[in-house]
Protein chains: 2
Amino acid sequence: MKRNTWQREAVRGALDANDGFVSAQALHSALHATGSPIGLATVYRALADLAVKGDADSLQSPEGESLYRACSTNDHHHHLICRNCGLTVEIEADAVETWAKDVAAKNGFTAAAHVVDVFGLCAACTVTATSQAAAAAST
Amino acid sequence: MKRNTWQREAVRGALDANDGFVSAQALHSALHATGSPIGLATVYRALADLAVKGDADSLQSPEGESLYRACSTNDHHHHLICRNCGLTVEIEADAVETWAKDVAAKNGFTAAAHVVDVFGLCAACTVTATSQAAAAAST
DNA sequence: GTGTTTCTTGAGAAGTGTTCTCGATCACGT
DNA sequence: ACGTGATCGAGAACACTTCTCAAGAAACAC
């Protein structure tokens with residue numbers, strides 16, 4: 001039996017309120033900032049549950065943290081992530097799906113899963129970064 | 001100035017001797033097993049150096065460990081990894097490169113990098129897994 | 001509403017992987 | 001051979017995650 005607790009709702013809400021991927025720690029801080037006395041362990045548990053149920057997507061940041069995000073769809077899909085502001089766009093990648101299966105099969109691999117994520121700078125951050133670079137260059 | 005020390009050579013050698021991705025910890029244990037009194041910190045430093053120089057490839061395992069592998073080419077490429085035995089096949093993915101750039105551009109993203117790795121079971125491990133499953137089913 | 005059951009929570013301890021610190025060591029240029 | 005300073009190693013420090021367990025609170029039966 002799964003019980004409904006305000007803690008679980010709070011985590012889900014905080015995740016929904018966020019556009020990009022957030023770390024468990026960040027989510028915990030955010031919840032505390034809003035006055036929730038929720039525990040860190042509980043945040044981890046809730047996130048793990050959401051990920052298992054398919055209500056959230058998780059990935060490993062290059063720094064080794066686990067990042068989570070509320071997903072608009074339960075279907076298999078990939079992400080385009082701004083490495084500066086965390087903005088995330090869900091992308092479909094039929095071509096890549098096919099390619100991955102193909103490559104695996106060609107090499108005798110079965111049960112193929114794949115990790116496909118694209119990191120970059122979103123339009124807004126590109127502008128910021130460019131002007132900052134210019135400022136730095138002129139210093 | 002970069003010095004040549006036997007420790008660095010040992011790490012590189014151990015990496016070369018390995019077919020698939022290995023964790024820093026595993027590499028350290030392996031080196032100790034051969035009698036090298038090399039320190040763990042040194043292994044981490046050497047691996048980071050190799051990765052920066054492009055002599056080694058690194059990726060995050062699903063468990064959050066950093067895995068390293070000596071690469072036969074410095075060119076950008078991807079991997080097909082057996083999740084059971086660690087066997088790794090280097091794969092080219094021009095199609096994916098193009099797709100990634102394309103998707104990024106379409107969404108206004110710049111400086112796009114991507115993470116593309118395929119995990120599966122290699123032919124040998126598929127056989128083992130299948131027979132094991134059969135054995136389990138008959139129990 | 002009351003009582004019972006048992007799932008969930010939260011604080012902190014524990015665990016794991018990685019990085020940092022700092023005195024000792026040793027490779028390299030002269 | 002010598003001096004310099006990059007590199008080493010052991011362990012401490014650190015960050016993130018998971019585990020432990022007593023206390024709290026949903027859900028259910030009555």
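Residue numbering restarts at 1 for every chain, and letters A, B, ... go by the order of the sequence lines.
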Going by atom types alone, do A/E97 and A/H77 pair a side-chain donor with an acceptor below 3.5 Å? no
Would you check if there is a donor-acceptor pair between the side chains of A/T126 and B/T110 at a distance under 3.5 Å? yes
Would you classify B/Q7 as touching base, sugar-phosphate or nothing, given that sugar-phosphate means primed atoms plus P, OP1 and OP2, and contacts are heavy atoms under 4.0 Å? sugar-phosphate
Using a 4.0 Å heavy-atom cut-off across all strands, classify A/S23 as base, sugar-phosphate, or nothing. nothing
Passing candidate, side-chain contact (heavy atoms from CB on, under 4.5 Å) with A/I38, options A/T5, A/L27, A/V11: A/V11
If you find the nucleotide of DNA chain C closest to A/R8 and the one closest to B/Y68, which residue's nucleotide is nearer the 5' end? A/R8
Roughly how far apart are B/K106 NZ and B/K101 NZ, rounded to 0.5 Å? 14.5 Å
Nearest 0.5 angstrom please: A/C82 SG to A/L121 CG, how far? 5.5 Å
Would you kindly give the [atom1]-to-[atom2] distance between [X] and [N], to the nearest whole Å?
{"X": "A/L40", "N": "D/dT17", "atom1": "CG", "atom2": "P", "answer": "8 Å"}
{"X": "B/E65", "N": "C/dT19", "atom1": "CD", "atom2": "P", "answer": "12 Å"}
{"X": "B/H28", "N": "C/dG17", "atom1": "NE2", "atom2": "P", "answer": "13 Å"}
{"X": "B/H32", "N": "D/dC8", "atom1": "NE2", "atom2": "P", "answer": "14 Å"}

Between B/Q25 and C/dT16, does any side-chain N or O lie under 4.0 Å from OP1 or OP2? no
Scan nucleotides 20-26 of chain D nucleotide by nucleotide, 5' to 3', and note B when protein non-hydrogen atoms come under 4.0 Å of the base, S if they reach only the sugar-phosphate, - if neither. B----BB
Short question: side chain of B/H79, backbone of B/V89 - any donor-acceptor pair under 3.5 Å? no
